[in-house]
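Remarks on the structure that follows.
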Amino acid sequence: MFQLYYWYVQSKVADALLVLDESGTIYYLSLGRWDLLVDLAKKDFGRKREYDLSPGKERFKNKMITRTITHVKQALDHPLKASVSCKGLKYKFVFGTALQKDVWTFLIERVGCGETSTYSEVAKQLGRPCIARQVGQACEANKIAVIVPCHRIVSVSGDLTGYRWGLNLKKYLLALEKHADQT
DNA sequence: CTTAAGTGTCTTT
DNA sequence: AAAGACACTTAAG
């Protein structure tokens with residue numbers, strides 16, 4: 001049984017529920033209302049027998065946990081700095097299929113701040129030109145908001161076809177990052 | 001602009 | 001094992 005803690009992080013962009021372990025590795029980052037997020041996280045992790053999810057307490061805080069929380073808060077306060085502050089940030093995918101994990105890893109490693117890509121382009125880069133739709137599925141299934149930059153993936157026509165945490169937030173994040181890129 | 005068809009994966013029965 | 005859903009894309013009215 002592996003112990004995980006959840007913390008509530010407030011920021012300008014959105015309020016978030018962050019799940020991490022005692023080494024500061026991120027498992028989950030969801031946006032929205034606190035009460036709803038906790039229920040959702042409990043439900044998600046409840047299906048995983050190997051993890052125990054408990055509320056984060058001040059007395060549990062160590063250096064690595066504090067560091068990750070600070071960086072996540074910074075990333076949410078200033079998404080423009082996300083790609084910088086996320087460097088060296090550890091994360092782990094405990095949900096999702098092999099393909100979905102491949103997509104998420106690709107997004108983190110290859111789609112930087114200020115950039116956008118398309119579902120079909122990501123598919124192509126993964127060597128599977130015909131799985132654009134599955135790339136969309138992977139984005140929808142993503143459990144680590146903002147850190148896995150699903151918001152940077154748009155349709156080939158440039159439309160913002162969907163965002164798990166609200167299209168307005170996607171639009172807002174992209175505008176913020178684009179603006180930041182010019183400085 | 002709207003439909004329709006092709007597409008591969010994932011979820012639900 | 002099968003059906004239906006899907007944050008896709010392209011082509012054709």
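Side-chain atoms are counted along with the backbone in the values below, which use heavy atoms only and exclude waters and symmetry mates.
Aromatic ring pairs are classed by plane angle as parallel below 30°, tilted from 30° to 60° and perpendicular above 60°; the pair Trp34(A) and Tyr6(A) is tilted.
No donor-acceptor pair under 3.5 Å is formed between the side chain of Lys124(A) and the backbone N or O of Cys130(A).
Under the Watson-Crick or G-U wobble criterion, with both distances below 3.5 Å, dA7(C) has no partner in any strand shown.
Listed nucleotides: dC8(C), dA5(C), dA7(C). Nearest to the side chain of Gln137(A): dA5(C).
One finds no salt bridge joining Arg33(A) and Asp15(A) here, because no Lys/Arg side-chain nitrogen approaches an Asp/Glu carboxylate oxygen to under 4.0 Å.
Looking at heavy-atom distances under 4.0 Å, Arg128(A) makes contact with sugar-phosphate atoms alone, never a base.
Of all heavy-atom pairs between Val154(A) and Asp159(A), the closest is CB-O, 3.6 Å.
For the pair Glu121(A) CD and dA7(C) P, the computed distance is 21 Å after rounding to whole Å. Atom CZ in Phe95(A) sits roughly 16 Å away from atom C1' in dC10(B) (whole-Å rounding). Atom CZ of Arg47(A) is separated from atom P of dT11(B) by 9 Å (rounded to the nearest Å). Atom CZ in Arg152(A) sits about 17 Å away from atom C1' in dA7(C), given to the nearest Å. Straight-line distance from the CG atom of Asp159(A) to the P atom of dT10(C): 13 Å, rounded to whole Å. The distance between atom NZ of Lys124(A) and atom C1' of dT7(B), rounded to the nearest whole Å, is 17 Å. What separates NZ of Lys171(A) from P of dA7(C) is a distance of 18 Å, to the nearest Å. Between Ile131(A) atom CD1 and dT7(B) atom C1' there is a gap of 11 Å when expressed in whole angstrom units.
Toward the 5' end of DNA chain B, the nearer of the two residues Arg133(A) and Leu99(A), judged by each one's closest nucleotide, is Arg133(A). The 5' end of DNA chain C is approached more closely, in terms of each residue's nearest nucleotide, by Gln134(A) than by the other of Val154(A) and Gln134(A).
Enclosure of atom NZ in Lys61(A) by more than 12 non-hydrogen atoms of other residues, nucleotides or ligands within 6.0 angstrom is indicated.
No N or O donor and acceptor, one from the side chain of Tyr163(A) and one from the base of dA7(C), sit under 3.5 Å apart.
Considering only side-chain N and O atoms, Ser120(A) lies nowhere under 4.0 angstrom from the phosphate OP1 or OP2 of dC8(C).
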